[in-house]
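Comments concern the structure below.
Chain letters run A, B, ... following the sequence lines, proteins first, then strands; residues in each count from 1. Computed from a prediction, not measured in an experiment: that's the story for all the values here. Just so it is clear, the values below take in all heavy atoms, side chains as well, and ignore hydrogens, waters and symmetry mates.
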Amino acid sequence: MFDSSLKVRIPPSPTGPLHLGTVRTALYNFLLAKKHGGTFVFRLEDTDRERSKSEYVSDIINGFRWLGITWDEGPLRQSEHKARHQMVVKQLIGEGLAYECFCTTEELNEIRQSQRAQNLVEGYDNRHRGLTEEQKKNFREQGRKPVIRFRLPDNKELFWDDLIRGRMTVNTSDLGGDPVIAKDNGDVLYNFAVVVDDNDAGINCVIRGEDHLHNTAKQIALYEGLNWKVPKFGHVSLILTTNREKLSKRKHGDIAGITKYINEGYLPEAIVNYLIGMSWTYPGDDSKEIFTIDEVIPIFSLDNVSKSSAVYDLGKLHWFCKEHFKLTSSEEVLKRAEPFLEKENISLNEYSIEEKLKIISLIKDGLITLSEIPQQVKVFCKIPDLSNLEIKEKECLDDPNAKLILEKLKDLLNESDSLNEEQQVKDLLEKLSSETGIKKGKKLFWPVRVAISGTVHGPDLTSMLSILGLGRVKDRIERVNNFLMNE
RNA sequence: GCCCCUAUCGUCUAGAGGCCUAGGACACCAGAUUUUCAUUUUGGCAACACGGGUUCGAAUCCCGUUAGGGGUACCA
């Protein structure tokens, strides 16, 4: 179906931050291009001068970069093709395929209202299609400035074989009248600009969201009018929220944009995995769920992209996050955690690199985001604040046995000369159990845990103590004993 | 209103007429492991929207209904 002449594109408009839906569409385009050795073009759809902002441009570029989505051409800017757009508009007018329309907003509204009242398709009634020079002159004298409309063929079935949904048909009469291609100030509009730009860039395959289904019909009419080769089209379903609406920044806030995920330290691999797998299924009987983008490239196909919309499930994304943390080496996690540790003012620099990696491997497997790491490794470099414990932890230390356990532990520590080996820690805890007469279990270990870390939750106690080492453990136990004595 | 798209567990999906007493994953529930949380592990709950056809046979094909979504701009 495709070969290396395949040329696809992603054209986000910088009127908002990078959206998850755009990312998924970009991913499918990227995958398709890579699979067939084709070309992936990145273009900024910045024709709307008022809404386009440079901060969004960098947000989009940074987002793609973070996700590992790269392009072969671009970024192209639609706004830079202005002269070309004007040329094509002129050509269309010259050929009688486009014309000036002088309708005011009020007139347009009236048309729509009456159409609606008659249960007709709402839109423009093409009333200025055949304006005489005289009429145009009159409108101009009234101070009206015309928009340019594209003359749609009357009552024509437009069709295409959608790469994802099969044969599609839309009648031109359901398109809401001749579409405006240039505003009264001369700026061209999306449906027109996109056709010119895609054509000029040699785009031969357009994969985009299903919210473009009607635009595709209009664009095909334009391609045909201009006598240009119509690209192949494929329409991906939309991403919905739990209440089954199109996921949008406006309504659903941060979760729709990529920034939140960057800032919170999500692994881009997990986001990519989730988004690809959201409406594409790994072929074969193994029903593989966890994969990398590189693994997907050779086997990607639009054939197993789902036609129905999918609900965005943060819980499932989190599962992907955990799985990808398991796949990521401790070295890599440590490297990526650096900025997050710095931000929380947590430093593990008192530890050797081996010890640091051991710390990471201890906490790595349950992780969802990098931003959870500071909290989890805090125990290794910060002495717990005993005067500010949670209720459960406080009760734990107030237990009469706690005093006994911690006193005994202090004695045993004084007799030890090292805790660096896990076996030494095990022996120590064994002794603590036999000498206090308290069985190994919560009763015995929770007070120790709270004394060391200030919380009953955390990494494996044996590993934790061996990494902390004799000096730190001794110091902390002593502090607790003093604290309990003064209470 | 009109046009278009979609329809399998709560969610993401497998399923292209008999392999389906419908498979997997997330979530949830219960058990085991672990000194805690997490991890790991065993098991459980749970779906073909409805109604008509076609067929020996339908989750799968056709029609209708219903439901959900999208579009309907001098936004993209």
Practice item. Ignoring backbone atoms, establish whether A:Lys246 has a side-chain N or O less than 4.0 Å from OP1 or OP2 of B:G68. Key: no
**Study point:** Whole-Å gap separating P (B:A38) and CD (A:Gln376)
**Key:** 12 Å
Exercise for review: Determine whether the side chains of A:Thr259 and A:Asp59 contain a donor N or O and an acceptor N or O closer than 3.5 Å.
Suggested key: yes
Point to revise | For B:C9, the Watson-Crick or wobble partner whose two distances fall under 3.5 Å | key: none
Exercise for review: In whole angstrom, give me the gap between the P atoms of B:C63 and B:C74.
Suggested key: 35 Å
**Study point:** First encountered from the 5' end of RNA chain B, between A:Gly458 and A:Thr104
**Key:** A:Gly458
Review point. OP1 or OP2 of B:C2 sitting under 4.0 Å from any side-chain N/O of A:Arg112?
Key: no
Check your understanding: From B:U39, B:C2, B:A7, pick the nucleotide closest to the side chain of A:Ser308?
Key -> B:A7
Practice item. Would you indicate what A:Ser279 reaches in the nucleic acid, counting non-hydrogen atoms under 4.0 angstrom: base, sugar-phosphate, or nothing? Key: sugar-phosphate
Check your understanding: Taking the inter-plane angle between the rings of A:His85 and A:His81 on a 0 to 90° scale, is it parallel (under 30°), tilted (30 to 60°) or perpendicular (over 60°)?
Key -> perpendicular
Review point. A:Lys288 side chain N/O closer than 4.0 Å to the phosphate oxygens (OP1, OP2) of B:G24?
Key: no
Practice item. Using the C1' atom on both, measure B:U42 against B:A47 and round to a whole Å. Key: 24 Å
**Study point:** Ring geometry between A:Phe300 and A:Trp280 (parallel below 30°, tilted from 30 to 60°, perpendicular above 60°)
**Key:** tilted
Review point. Do the side-chain N or O atoms of A:Ser237 get closer than 4.0 angstrom to the phosphate oxygens (OP1, OP2) of B:U6?
Key: no
**Study point:** Given B:C12, B:G70, B:U39, the nucleotide with the shortest approach to the side chain of A:Lys316
**Key:** B:C12
Review point. If you measure from the P atom in B:A46 to the same atom in B:A22, how many Å do you get, rounded?
Key: 11 Å
**Study point:** Short side-chain N/O contact from A:Thr15 to OP1 or OP2 of B:A76, under 4.0 Å
**Key:** no
Practice item. Report yes if a side-chain nitrogen or oxygen of A:Lys322 is closer than 4.0 Å to either non-bridging phosphate oxygen (OP1 or OP2) of B:U39; otherwise report no. Key: yes
